Amino acid sequence: MRRAALVQGLVLALIALLLWLLADTTASHLAQRGIRSGFDFLLEPAGFALGESPMAFEPADATWRAFLAGLLNTLRVALPGALLAVLLGILLGFGRLSDNPAARSLCGTVVEGIRNLPLLLHLLAWYFILTDLLPTTEAAFHPAPGLYLSKSGLALPWWGDTGWEIPEPAGFGIEGGARLTPEYLALLIGLSSYAAAYITETLRGAIGALPPG
Amino acid sequence: MLNMRRFIPLLAATAALSLVSAPALAGKTLDAIKSRGQLSCGVSTGVIGFSSADSQGNWKGLDADLCRALAAAVLGNPDKVRWVPLSSQQRFTALQSGEVDVLSRNTTWSLTRDAGQGLHFAGVAYYDGQGFLVAKKTRVTSARQLKNAEVCVQSGTTTEKNLADYSRAQGIKMKPVVFDKFEASLKAFFSGRCQAYTTDASALAFIRAKEAPNPDDYLILPEIISKEPLGPAVRRGDDEWFAIVKWTLNALIEAEELGITQARVDSLKSSPDPAVQRFLGVGEDLGKSLGLDREWAARAIKAVGHYGEIFERHLGAASPLKLQRGLNAQWNKGGLMYAQPLR
């Protein structure tokens, strides 16, 4: 028993030694060849701007903040996306189980269509619809006061720095309120409709598995 | 188009360097090229005018011809080049690990690259700068009018950082819309996703001429917002090879100043001008100090012509890009091309 533990310890030490040797050799060779490496760049200014960030981010901010903004962007798509997918999935699921043959076949076609195409294709198709088919920013589609839909995305009234803001065209862009970019919208619509199709089938399966009565 | 990711090169370099015991660092590159019988040249994956392969697989462009000139000088044959197309993420690793002997791939010479990536830039083969392309219907005629505009840009490049610098320095807020692929960024711009597109001015000329649905609908703005000196780079630790690349580039530029064209290399050997004689190897021996024979420079010019001829062929009036010489004219013609004396 004791001997087994000793052998295990020795093997572990050997592996640790090999790993240390690898790291040490690499570091000294990199230094010898004048190649700078390490993680200190995380604390240096990023030097680039972000197209989209839920928190304030300037090019002078540290690089790690850009990673944080990326993480927050992921959550900004994932959370509303999950909610939308569940709602849409339940709706489609009830549609597939409906007694109405028209609703049943329509929902069935939609779900099967979505499930049989790869996710990447969904995203590309949505992005194409949003950036190729919509009007340019100057000629934005303006269905209601404060709503602008264009190649630059959707602008809508939102709580901003100066209180409740109504978006207004200004120069090239649209100022005030909140803006959802086409990249964000394509991702949100594509991901949630794709996930919704799977939720529909899960729901249908679950209800079908219940014994009648 | 000038990338600067740190992780991928680092990972690859880690793997490569930790397995190989410390290689001898000095004077070996020339020997290796000679015993291999081939120069290994790192080029781009396709930038018209600099390095791009035609339908027969022949590499063309300013950067490609620089490698041909090197092969002619060192091996006596401009065709003895192994072309290694490299993405902007791969380029420095390929040079550091020894996969290529020289990186001739529209790469900007900057401090962090020169001092921090284990390489030496041998000179400047093309003075470029970053500009903007806009659709004429936006009625923009100056970059200062791009307030609040969305600008399509390739991610992870010096271009992206220059855009942020310019925007901060001028106090003009611009929104970058980033794409990791060149083609995707172009498609987005021409679909109208962005009001402006930014990259190096030489590439903008090509994009306007060849990629735009109708070139006359697009305008290159007059502002040049950065300095992009593009040049060949070599690995650190081999000063002899560094000198050969540096002086071959100088020779191409000097030949233009001396009027030594591809067609006249042989006939000029009887020229009374001592500078021409030296250059062509009939005067003093300039090759000896480089570890080459006395006709190295003559062979380079015979293979690809002088700098002006190369420029006209790939970038100038005879090319689809139709670029002016501008900063790339000879120093005595108002440009920055100034070869250190070959003597």
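In what follows, chains are A, B, ... by sequence order, proteins preceding strands, each numbered from 1. Just so we're clear, the structure is a prediction, and the values are computed from it rather than from any experiment.
With a 4.5 angstrom heavy-atom cutoff, Thr137(A) touches chain B only via side-chain atoms. In this structure, no portion of Leu21(A) lies under 4.5 Å from any heavy atom of chain B. In this structure, the portion of Ala46(A) lying under 4.5 Å from any heavy atom of chain B is its backbone and not its side chain. Contact of Phe190(B) with chain A is not made at all, since no heavy-atom distance falls under 4.5 Å.
Of the residues considered (Arg168(B), Lys175(B), Arg235(B), Gln145(B)), Arg168(B) shows the highest number of contacts with chain A, using heavy-atom pairs under 4.5 Å. Taking chain A as the reference chain and counting heavy-atom pairs below 4.5 Å, the highest number among Val151(B), Asn148(B), Leu119(B), Asp165(B) is found for Asn148(B). When each of Ser28(A), Gly47(A), Ala27(A) is scored by its heavy-atom pairs under 4.5 Å with chain B, the top score falls to Gly47(A). Between chain A and the options Val177(B), Leu146(B), Asn162(B), the largest number of non-hydrogen pairs under 4.5 Å is found for Leu146(B).
A heavy-atom distance below 4.5 Å is found between the side chains of Lys187(B) and Asp132(A). Using a 4.5 Å heavy-atom threshold, the side chains of Glu52(A) and Val178(B) count as separate.
Within a 6.0 Å sphere centred on CH2 of Trp164(A), other residues, nucleotides and ligands contribute more than 12 heavy atoms. The environment of CH2 in Trp109(B) is crowded: more than 12 heavy-atom neighbours from other residues, nucleotides or ligands sit within 6.0 Å. Taking a 6.0 Å sphere around NZ of Lys227(B), one finds it holds 12 or fewer heavy atoms contributed by other residues, nucleotides or ligands. Applying the 6.0 Å contact sphere to CD of Glu58(A) captures no more than 12 heavy atoms from other residues, nucleotides or ligands. Enclosure of atom CZ in Phe141(A) is not indicated, since only 12 or fewer non-hydrogen atoms of other residues, nucleotides or ligands lie within 6.0 angstrom.
The main-chain N or O of Gly34(A) is never found under 3.5 Å from a side-chain atom of Arg236(B) such that the two would form a donor-acceptor pair.
Taking CD of Glu183(A) as the start and CZ of Arg193(B) as the end, the distance is 4.0 Å to the nearest 0.5 Å.
Shortest non-hydrogen contact noted between Ser152(A) and Glu150(B) is OG-OE1, 2.7 Å. Closest heavy-atom contact between Pro59(A) and Ala164(B): CG-CB, 3.9 Å.
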